[in-house]
Protein chains: 2
Amino acid sequence: MSGTERPGWVDSREPVVASVTGLARELADPVRLTALQLLSAEGPHTLTQLADALGVSAPRLGNHLARLRSAGLVAVEHHGRHAVYQVAAPGIADVLTALARYARADLAAGPVRPATADDLAHTCYDHTAGLLGVAIFAALTERGALLPPDGRDSALALGGDPSLFGELGVDVGAVEPGRRKLATACLDRTHRLPHLGGVLGKAVLDALVARDLVRPREGARTLTLTPRGTRELPALVPGFTPPSGPGRVDSA
Amino acid sequence: MSGTERPGWVDSREPVVASVTGLARELADPVRLTALQLLSAEGPHTLTQLADALGVSAPRLGNHLARLRSAGLVAVEHHGRHAVYQVAAPGIADVLTALARYARADLAAGPVRPATADDLAHTCYDHTAGLLGVAIFAALTERGALLPPDGRDSALALGGDPSLFGELGVDVGAVEPGRRKLATACLDRTHRLPHLGGVLGKAVLDALVARDLVRPREGARTLTLTPRGTRELPALVPGFTPPSGPGRVDSA
DNA sequence: TCCATCTTTCACCAACTCATGAAAGGTGGT
DNA sequence: ACCACCTTTCATGAGTTGGTGAAAGATGGA
């Protein structure tokens with residue numbers, strides 16, 4: 001449908017083009033990308049918290065954060081001698097999610113099948129991570145059981161429709177937050193998408209184990225899918241499709 | 001910039017990180033971004049078609065397309081002396097959509113409110129463009145009335161649920177494609193999101209005019225929202241919210 | 001006050017990106 | 001065969017980006 005050709009299609013001064021390419025440039029570096037993913041999923045962090053988490057030096061991270069700041073993507077608030085960073089552009093989360101999903105499809109189409117058993121499902125402290133954990137989180141937010149993280153608070157708010165929690169075997173009202181937070185988002189290290197943590201995350205994992213859908217392996221973090229889990233989880237958690245065959249996947 | 005990163009969060013060899021940052025790098029240039037947007041929305045193009053449309057020289061575009069090709073984002077097929085390019089990674093459309101939506105929110109939050117009357121709604125040949133056209137297209141695909149473009153065919157396929165067409169006042173069965181295609185995606189120049197073209201696009205515009213929701217201005221491409229349109233269109237087209245009043249907009 | 005800690009800035013150097021223009025493959029029509 | 005056209009490659013040079021380490025602001029506690 002390209003009819004009349006005016007110059008201006010490709011013009012870095014065009015606002016939308018400038019906005020998109022500017023954002024893409026910021027996301028094109030591993031440090032900046034990971035920092036934004038962590039801030040977006042898990043809420044505000046101090047510079048050293050972030051530097052520790054990412055395993056980079058403080059000056060290196062500081063330079064990148066300064067860039068992100070002048071791009072308007074993060075904001076800093078000084079509390080005493082600590083600099084607390086948080087995302088400043090709320091819409092960034094959708095972009096990060098779209099990119100992470102693209103990467104999953106991209107790698108799945110590639111030569112190496114990355115889905116080891118450990119990648120399929122494992123525990124992160126006491127909650128579910130891996131592809132299963134990520135799929136559960138996505139289903140919860142899409143079904144309105146959970147509000148997606150807003151990058152400003154490390155605690156997650158519940159949505160208006162907790163029915164999916166019920167289908168998973170969790171009675172939300174019965175889950176008591178003790179010292180721990182009720183629900184948090186925890187960025188999956190490999191998939192770069194959030195999974196559910198906190199007391200509610202533990203409750204979901206307990207329910208899955210109680211229903212014999214997954215089974216923890218002794219002394220390891222890997223969760224194995226039971227035959228029943230392989231059969232029932234894809235229907236229970238839209239978007240979760242174990243890659244061909246039962247829980248056993250031979251790794252290197 | 002690379003090399004000595006410890007196995008950890010920030011490692012450009014980590015597959016997901018490499019995939020995302022690699023994609024972001026490709027999207028960080030106006031020529032590559034626009035080429036991908038055009039190919040993704042409107043289907044395959046020849047190199048010179050693209051170069052004409054974008055207003056750049058053939059060698060310049062060729063270099064960028066070579067990059068996109070080795071990044072696996074586009075594929076080329078040689079037909080005689082023509083090189084036909086098309087997108088090779090289907091998931092790219094979702095990323096481009098997310099980025100364009102981010103840009104809209106980003107610019108709306110900025111100092112200058114870009115929503116002129118012309119930007120709100122105007123005609124593109126004989127169909128609806130501007131914010132209204134883009135919102136109609138998004139609503140049609142999300143409601144299942146239209147399948148989103150797949151980057152391989154310039155013609156769009158209809159979805160399984162044409163009810164939104166009915167609500168817009170269009171009887172899909174009565175629309176006869178003559179020489180023109182029934183439905184095409186046409187990339188909006190400013191918003192970088194598709195709107196509906198083809199005979200069906202004309203039918204939608206005609207229906208909106210017949211219902212006195214919008215009114216074409218004599219001798220201009222600008223469409224003005226009627227009071228009725230201002231009242232009824234937001235309910236009819238989810239996602240379309242005229243920025244508080246027909247013409248003038250004051251900053252928040 | 002001094003000291004430890006957290007944060008930011010700076011300059012240098014290596015590596016990368018991109019536009020340009022010329023020239024070299026290919027292909028089809030005459 | 002020739003010519004016109006479409007496409008690709010190449011080298012150059014200007015500009016940008018990113019890691020590093022040292023050093024300079026800030027802040028709070030002793």
Integer-rounded Å distance: [N] [atom2] and [X] [atom1]:
{"X": "A/Arg25", "N": "C/dC18", "atom1": "CZ", "atom2": "C1'", "value": "11 Å"}
{"X": "B/His45", "N": "D/dT7", "atom1": "NE2", "atom2": "P", "value": "13 Å"}
{"X": "A/Leu50", "N": "C/dT8", "atom1": "CG", "atom2": "C1'", "value": "15 Å"}
{"X": "A/His79", "N": "C/dT7", "atom1": "NE2", "atom2": "C1'", "value": "15 Å"}
{"X": "A/Leu54", "N": "D/dG19", "atom1": "CG", "atom2": "P", "value": "12 Å"}
{"X": "A/Arg67", "N": "C/dT8", "atom1": "CZ", "atom2": "P", "value": "17 Å"}
{"X": "B/Glu77", "N": "D/dT7", "atom1": "CD", "atom2": "C1'", "value": "16 Å"}

_Suppose we screen for ring pair (Phe, Tyr, Trp, His ring centres under 6.0 Å). Which residues come up paired with A/His64, at least two apart in sequence or across chains?_
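So A/His64 forms no ring pair (Phe, Tyr, Trp, His ring centres under 6.0 Å) with any residue.
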Check: Looking at residues at least two apart in the chain, or sitting in another chain, which of them share a ring pair (Phe, Tyr, Trp, His ring centres under 6.0 Å) with A/His191?
Finding: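 In terms of ring pair (Phe, Tyr, Trp, His ring centres under 6.0 Å), with neighbours along the sequence ignored, A/His191 is linked to no residue.
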Between the protein and nucleotides 2-6 of chain D, are there any N/O to N/O pairs under 3.5 Å, and if so, what are the atom names and distances?
{"from": "D/dC6", "atom 1": "O3'", "to": "B/Arg81", "atom 2": "O", "distance (Å)": "3.1"}

Mind checking what makes side chain to side chain donor-acceptor pair (under 3.5 Å) contact with [X], not counting sequence neighbours?
{"X": "B/Asp106", "value": "A/Ser19"}
{"X": "B/Thr97", "value": "none"}
{"X": "B/Thr141", "value": "none"}
{"X": "A/Asp153", "value": "none"}

*Side-chain donor-acceptor pair under 3.5 Å between A/Arg192 and A/Thr34, yes or no?*
yes
N/O contacts under 3.5 Å, protein versus nucleotides 19-24 of chain C?
{"from": "C/dA19", "atom 1": "OP1", "to": "B/Arg60", "atom 2": "NE", "distance (Å)": "3.4"}
{"from": "C/dA19", "atom 1": "OP1", "to": "B/Arg60", "atom 2": "NH2", "distance (Å)": "2.8"}
{"from": "C/dA19", "atom 1": "OP2", "to": "B/His64", "atom 2": "NE2", "distance (Å)": "2.6"}

side-chain contact (heavy atoms from CB on, under 4.5 Å) with B/Leu196: of B/Ile136, B/Leu140, B/Thr184, only one passes, and it is B/Leu140
Worksheet item: Which residue, A/Ala66 or B/Arg32, contacts DNA chain C at a nucleotide closer to its 5' end, judged by nearest heavy atom?
Response: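 Between the two, 5'-proximity favours A/Ala66.
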| query | Side chain of B/His78: nearest nucleotide among C/dC18, C/dT17, D/dT8? | reply |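 Closest nucleotide among those given: D/dT8.
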One should read off an interatomic distance between A/Leu200 CG and A/Glu176 CD, to the nearest 0.5 angstrom, of 12.0 Å
Check your understanding: Is the CZ atom of A/Arg152 crowded by more than 12 outside heavy atoms at less than 6.0 Å?
Key ->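 Open.
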- Task: Verify the contact: side-chain N or O of A/Tyr85 to OP1 or OP2 of C/dC6, cut-off strictly under 4.0 Å; return yes or no.
- Result: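 A/Tyr85 to C/dC6 OP1/OP2: no side-chain N or O under 4.0 Å.
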- Report yes if some heavy atom in the side chain of A/Trp9 is under 4.5 Å from a heavy atom in the side chain of B/Leu38; otherwise report no. yes
Angle separating the five-pair end axes of the helix from C/dT1-D/dA30 to C/dT30-D/dA1, nearest 10°, is 20°
Check: Who are the side-chain contact (heavy atoms from CB on, under 4.5 Å) partners of A/Thr128, not counting sequence neighbours?
Finding: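 If we apply the side-chain contact (heavy atoms from CB on, under 4.5 Å) test to A/Thr128, skipping adjacent residues, the hits are A/Leu132, A/Leu205, A/Leu208, A/Leu223.
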*Which pairs with one or both residues in residues 63-75 of chain A pass salt bridge (charged side-chain N to carboxylate O under 4.0 Å, His left out), sequence neighbours excluded?*
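Sorted pair list: A/Glu26-A/Arg67.
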Heavy atoms within less than 4.0 Å of DNA chain D: which residues of residues 68-76 of chain B have one? Give them sorted by number.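 Listed by number, there are none.
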**Asked** What does A/Gly62 touch in the nucleic acid at a heavy-atom separation under 4.0 angstrom: a base, only the sugar-phosphate, or nothing?
**Response** nothing
